[in-house]
2 protein chains.
Amino acid sequence: MARTDDRFRSAYNKLLDICTNMEVGGQLPAEVVLAERMEVSRTIVRSALHKLDAENLILWEGRRKTLVKRPDKRHRLSQSESLPTGEELEKRFLEWILRFDVPAGTSLNIAQLSRQFGVPAHSLQAFLSGLSRFGLVERRAKGGWILSGFTAEFAVELSDFRLVLEMNAVRHLLSLPEDHQIWGKLKEIRKEHEDLRRDLKDRYHDFSTLDEKFHTTINSVVKNRFVVEAQKLISLIFHYHYMWDKRDEQERNAAAIEEHLDWIDAVLAQDRAGSEEAVLNHLRRSKETLLASLKNHKLG
Amino acid sequence: MARTDDRFRSAYNKLLDICTNMEVGGQLPAEVVLAERMEVSRTIVRSALHKLDAENLILWEGRRKTLVKRPDKRHRLSQSESLPTGEELEKRFLEWILRFDVPAGTSLNIAQLSRQFGVPAHSLQAFLSGLSRFGLVERRAKGGWILSGFTAEFAVELSDFRLVLEMNAVRHLLSLPEDHQIWGKLKEIRKEHEDLRRDLKDRYHDFSTLDEKFHTTINSVVKNRFVVEAQKLISLIFHYHYMWDKRDEQERNAAAIEEHLDWIDAVLAQDRAGSEEAVLNHLRRSKETLLASLKNHKLG
DNA sequence: GAAAATGATTTTAATTATTAAATACAAATT
DNA sequence: AATTTGTATTTAATAATTAAAATCATTTTC
């Protein structure tokens with residue numbers, strides 16, 4: 001067999017819905033109209049109509065499509081569940097690498113991984129060749145893929161790259177006019193940090209989310225597809241590391257909150273040198289945490 | 001048929017070479033040894049030996065592989081020419097977009113493009129999904145690809161990104177010790193600029209190469225896979241634009257040479273503010289040139 | 001009898017063939 | 001004349017197929 005008929009099945013079921021909302025004896029609209037309403041090509045509409053006709057639910061003569069009988073549950077076609085999206089796949093793949101400490105140099109088995117992640121092999125391959133741009137995987141000459149890996153080196157380079165991007169974002173930020181909405185947002189986030197600091201003992205798990213929100217907000221002032229794309233990867237990796245490295249979580253988060261607050265204050269005060277200092281300070285520590293967690297992970 | 005037997009054919013020819021360098025009546029080495037020497041799996045070695053046996057070039061009994069006759073040209077298998085590499089494909093694809101001004105929003109026909117570029121459809125798809133990370137193409141929900149395009153917006157964002165990266169490189173550069181090899185290289189490049197300036201009338205076409213060399217040198221101080229990857233794309237696109245936009249080439253190049261010299265001098269003088277100014281100045285003009293060339297291209 | 005080499009089998013992945021779906025075009029009906 | 005339907009063509013997703021690699025078991029040789 002070739003491609004799946006998922007598209008046909010879901011279209012057919014939609015058509016049953018349309019029939020259910022009609023009087024027996026009524027006329028179905030024209031093929032083009034149905035195609036447009038169902039967001040599908042006329043070819044599919046026609047095959048679905050053929051099936052309706054064959055099931056004696058409609059009488060189809062030329063352009064007359066008369067409803068003979070209201071369809072019921074028995075007529076519905078079962079659907080295979082929808083595939084995970086690209087982002088879903090990305091998450092699962094990184095989760096797999098980080099969670100099981102897949103070592104650098106591991107050769108990736110497309111067939112097995114595609115089964116494991118429940119995606120067609122061919123779409124996994126497309127995904128990997130996307131990742132290869134970021135140097136996380138490599139294509140071997142002989143064929144096949146290897147995980148060039150989540151090494152300490154990778155982490156250092158990723159962190160350094162992050163520093164370049166976020167420093168740039170902060171410099172942009174400082175040049176924005178006073179009435180820009182970013183200032184209000186930053187003040188809100190500042191308050192959220194203070195709230196969390198107050199209840200840290202009970203809520204220190206919430207920091208991961210707040211951290212992501214903070215960095216996303218800072219970076220949102222840079223409207224640039226390359227920066228945005230790179231930051232997606234960065235935040236994904238840092239986020240997952242936060243999730244699995246639970247040692248000293250409360251202390252680490254307490255320190256990070258203070259660093260964020262210094263950062264926000266310096267920016268709000270339009271203090272250029274102070275801001276850059278705060279960025280450096282926070283990201284340097286963040287990098288060290290990432291590296292330390294990598295090492296411990298490997299040992300454990 | 002399934003996959004090609006290119007690998008087998010080239011291995012077989014290599015094996016013929018090995019036989020040619022042997023005495024008739026001599027023994028071929030063990031399969032594992034051959035496999036290692038030919039950088040190929042034992043499976044291929046065995047099929048090649050089978051063929052040698054069938055052609056009566058060797059007598060193969062168990063682990064005795066006796067050379068019966070020296071092979072000659074007639075025995076060689078013809079090979080299909082090797083496919084374009086990934087980089088080759090990248091170049092051709094960008095060339096196609098820029099050269100024919102393929103407009104943004106064009107839907108890409110995989111089958112046709114793969115014929116045009118002479119690569120298997122499936123490897124083109126892998127390539128496109130790599131490019132989609134940079135937002136040059138997009139995958140449609142229904143399937144298929146669209147060129148989200150080499151628009152003015154894309155050019156602006158690419159230029160801005162370039163500015164961030166090169167500014168970062170220059171800051172790194174200024175922190176390097178006096179005995180670092182980069183200083184010698186920069187002095188050499190400075191001289192090349194002066195030489196070219198002197199003979200500009202006759203040699204102004206040479207600037208494109210020198211430009212690439214200059215920027216590559218500057219960026220070489222940043223050892224970071226993300227930066228390196230991004231710069232590949234940047235230099236490719238700027239390079240191609242230089243190639244096709246020939247208006248005022250000599251004047252533009254003369255101006256650019258002066259900007260480069262200012263840049264180099266400021267850096268050599270360890271003048272931080274002056275260097276940043278020079279970078280800004282050159283890259284701003286470069287961006288404007290790129291934009292202007294885009295607009296003119298569209299009109300012409 | 002241990003090491004090395006070969007033979008057979010299983011697993012993996014590149015490519016082609018096949019089929020679903022989309023698109024384009026021609027004919028027919030209102 | 002404007003829709004609507006019927007037919008043919010094109011495109012692309014997936015499964016089947018086959019080359020190549022990897023693994024395991026057996027045999028040979030020293």
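Note on naming: letters A, B, ... go to the chains in the order of the sequence lines (proteins, then strands), and numbering restarts at 1 for each one. It should be emphasised that the depicted structure is a prediction, and the values quoted were computed from it without experimental measurement.
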Problem set entry | Aromatic ring proximity Phe154(A)/Phe226(B), centre distance under 6.0 Å |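 Ring centroids of Phe154(A) and Phe226(B) are less than 6.0 Å from each other.
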For this session: Check whether any side-chain nitrogen or oxygen of Lys65(A) sits under 4.0 Å from OP1 or OP2 of dT4(D), and answer yes or no.
Result: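 No.
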For this session: Would you list the pairs meeting side-chain hydrogen bond (donor to acceptor under 3.5 Å, both in side chains) in which at least one residue belongs to residues 16-26 of chain A, sequence neighbours left out?
Result: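 Sorted result for residues 16-26 of chain A: Asp17(A)-Arg76(A).
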For this session: Between Val32(B) and Arg64(A), just flag the one whose closest nucleotide in DNA chain C comes earlier from the 5' side.
Result: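 This one resolves to Val32(B).
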Using whole Å, report how far [atom1] of [X] lies from [atom2] of [N].
{"X": "His50(B)", "N": "dT6(C)", "atom1": "NE2", "atom2": "C1'", "result": "11 Å"}
{"X": "Arg7(B)", "N": "dA22(D)", "atom1": "CZ", "atom2": "C1'", "result": "13 Å"}
{"X": "Met38(B)", "N": "dA21(D)", "atom1": "CE", "atom2": "P", "result": "10 Å"}
{"X": "Glu36(B)", "N": "dA4(C)", "atom1": "CD", "atom2": "P", "result": "13 Å"}
{"X": "Ile44(A)", "N": "dA21(C)", "atom1": "CD1", "atom2": "P", "result": "4 Å"}
{"X": "Leu34(B)", "N": "dA4(C)", "atom1": "CG", "atom2": "P", "result": "17 Å"}
{"X": "Gln27(A)", "N": "dT29(C)", "atom1": "CD", "atom2": "P", "result": "17 Å"}
{"X": "Arg9(A)", "N": "dT19(C)", "atom1": "CZ", "atom2": "P", "result": "17 Å"}

Exercise. If you take all heavy atoms of Val222(B) and Val228(B), which pair is closest and at what distance?
Worked result: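 That closest heavy-atom pairing would be O-CG2, 4.4 Å.
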Problem set entry | Salt bridge present between Arg64(A) and Glu61(A) (N-O < 4.0 angstrom) |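 No.
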For this session: Taking only Lys NZ, Arg NE, NH1 and NH2, and the carboxylate oxygens of Asp or Glu, determine whether Arg225(A) and Glu229(A) approach each other closer than 4.0 Å.
Result: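 Glu229(A) and Arg225(A): not salt-bridged.
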Problem set entry | Asp5(A) side chain, from C-beta outward: closest of dT6(C), dA20(C), dA21(D) |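 Taking heavy atoms from C-beta onward, the closest nucleotide is dA20(C).
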Exercise. Under 3.5 Å, side chain of Arg9(A) to main-chain N/O of Ser78(A), donor-acceptor pair present?
Worked result: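 Flag set: sc Arg9(A) to bb Ser78(A) pair under 3.5 Å.
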Protein and nucleotides 7-11 of chain C: nitrogen or oxygen contacts under 3.5 angstrom:
| from | atom 1 | to | atom 2 | distance (Å) |
| --- | --- | --- | --- | --- |
| dG7(C) | OP2 | Arg46(B) | NH1 | 3.0 |
| dG7(C) | N7 | Arg42(B) | NH2 | 2.7 |
| dG7(C) | O6 | Arg42(B) | NH1 | 3.0 |

Problem set entry | Lys223(B): partners by side chain to side chain donor-acceptor pair (under 3.5 Å), with sequence neighbours left out |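 For Lys223(B) there are no side chain to side chain donor-acceptor pair (under 3.5 Å) partners, ignoring immediate neighbours.
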